2 protein chains.
Amino acid sequence: MPSIAAYAPIAPRLDREHFSISDLSAEFEVTPRALRFYEDEGLIAPERRGTQRIYSHRDRARLAWILRGKRVGFSLGEIREMIDLYDLGDGRRVQRDVTIARCRERIATLTAQKHDIDAAIEELNDFVALLEQTQAQKTR
Amino acid sequence: MPSIAAYAPIAPRLDREHFSISDLSAEFEVTPRALRFYEDEGLIAPERRGTQRIYSHRDRARLAWILRGKRVGFSLGEIREMIDLYDLGDGRRVQRDVTIARCRERIATLTAQKHDIDAAIEELNDFVALLEQTQAQKTR
DNA sequence: TGGTTAGTTGACGTTCACGTAAACCGGCGT
DNA sequence: ACGCCGGTTTACGTGAACGTCAACTAACCA
């Protein structure tokens with residue numbers, strides 16, 4: 001029954017030169033459909049052998065970036081922006097200044113998110129403590 | 001031109017007994033539509049004076065929770081779950097154990113998110129440093 | 001009494017991030 | 001020769017989280 005348990009995580013074969021779409025979808029637990037979608041949106045651009053996609057290590061690193069960006073709540077559009085920033089390292093001076101500024105903005109929002117997370121964790125911890133305390137009272 | 005700059009943040013009047021929908025939408029920079037939507041989804045349940053919603057301090061605190069949950073990437077469904085957990089503090093023992101377990105799960109995913117964010121910040125910092133370095137070289 | 005302001009309920013539209021078929025192709029295993 | 005496997009494109013469907021009208025009401029104000 002290869003229906004629900006598909007796309008399970010598989011140890012990455014980093015010795016490989018390049019990867020197929022199913023290699024990466026297995027390793028990162030995303031569907032091939034998602035990878036093709038990211039390509040349509042301009043987030044990755046693997047080479048082709050004929051019609052088939054072949055992903056390099058660089059593409060793989062990009063994908064890792066994308067998924068981490070998603071996990072921390074960025075939209076695909078925002079992630080593409082950040083990736084594009086990286087590809088601008090050799091741009092002109094003004095462009096590079098803009099890039100630096102955008103990066104700092106990103107860092108600021110990420111830092112704010114960290115504070116939100118800390119606050120949420122704290123509240124949850126307090127709540128758990130409270131629950132365990134009432135439990136201890138009943139046991140007594 | 002009250003079109004785009006509407007719903008700007010306004011200092012909370014915490015001396016107030018309760019708040020209108022536009023009070024809260026102004027303070028938290030969300031649209032009234034969003035607040036009504038949260039109510040439809042069972043996230044808040046303000047009282048009514050006739051047909052109009054009147055939000056208590058408790059409702060206001062709830063809303064803060066909701067928005068923080070959103071900022072750290074939770075869906076409204078997940079946030080409703082977490083809120084429901086809070087309202088279960090007086091439940092039975094088994095239920096409370098389940099609640100504690102769910103809280104721990106939440107804390108775990110939040111912690112994982114923090115690591116993701118730290119990694120992203122670090123990479124961005126490295127990249128900014130690299131950009132500033134090439135800039136310094138050109139200036140020299 | 002008429003007009004403005006703040007609120008209400010539908011109902012439909014929209015964007016994002018894919019899911020889900022349908023139809024096709026090239027290789028290879030027997 | 002045949003079928004399957006892994007991959008492809010095109011296209012329409014979907015759930016979440018609202019936006020955007022339209023039509024209505026209740027409160028106040030000159």
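Values in this document were obtained by computation on a predicted structure and should not be read as measured data. Naming: A, B, ... by sequence-line order, numbering from 1 per chain.
Within the structure, a side-chain polar atom (N or O) of Tyr38(A) is placed less than 4.0 Å from OP1 or OP2 of dC18(C). For dG7(C), neither phosphate oxygen OP1 nor OP2 lies less than 4.0 angstrom from any side-chain nitrogen or oxygen of Arg53(B). One finds no side-chain N or O of Ser20(B) lying less than 4.0 angstrom from the OP1 or OP2 phosphate oxygen of dA6(C). Residue Lys70(B) places none of its side-chain N or O atoms closer than 4.0 Å to OP1 or OP2 of dA16(D). Proximity of Arg49(B) to the phosphate of dA27(D): no side-chain N or O atom is located under 4.0 Å from OP1 or OP2.
Between Glu39(B) and Arg48(B), at least one side-chain N (NZ, or NE/NH1/NH2) sits under 4.0 Å from a carboxylate O, which counts as a salt bridge.
Rounding to whole angstrom units, CG of residue Asp23(A) and P of dC5(D) are separated by 17 Å. One atom, CD of Glu29(B), and another, P of dC18(D), lie 14 Å apart when rounded to the nearest Å. Separating the CG atom of Leu24(B) from the P atom of dA6(C) is a distance of 16 Å, rounded to the nearest angstrom. The separation between Phe37(A) atom CZ and dT10(D) atom C1' is 15 Å, rounded to whole Å. The CG atom of Asp40(B) sits 14 Å away from the C1' atom of dA16(D) (whole-angstrom rounding). Put simply, CG on Leu63(A) is 11 Å from P on dC18(C), counting in whole angstrom units. Distance CD1 (Ile21(A)) to P (dG6(D)): 13 Å, rounded to an integer number of Å. Nucleotide dG19(C) holds its P atom 11 Å from the CZ atom of Arg36(A), rounded to whole Å.
Taking every side-chain heavy atom of Ser22(A) into account, dG6(D) is the closest of dG6(D), dA17(C), dG7(C).
Judged purely by atom type and a 3.5 angstrom limit, Glu47(B) has no side-chain atom pairing as donor or acceptor with the backbone of Arg53(B). Judged purely by atom type and a 3.5 angstrom limit, Gln52(A) has no side-chain atom pairing as donor or acceptor with the backbone of Arg49(A).
At a threshold of 4.5 Å between non-hydrogen side-chain atoms, the residues Leu110(A) and Leu124(B) count as touching.
When every heavy atom of Ser20(B) is checked against every heavy atom of Asp23(B), the shortest pair comes out as N-OD2, 2.9 Å.
Between Arg33(A) and Arg48(B), the residue whose closest nucleotide on DNA chain C is further toward the 5' end is Arg48(B). Projected onto DNA chain D by closest heavy-atom contact, Ala34(B) and Thr51(B) fall at different nucleotides, the more 5' of which corresponds to Ala34(B). Sequence order on DNA chain D of the closest nucleotides to Gln52(B) and Tyr55(A) puts Tyr55(A) first from the 5' end.
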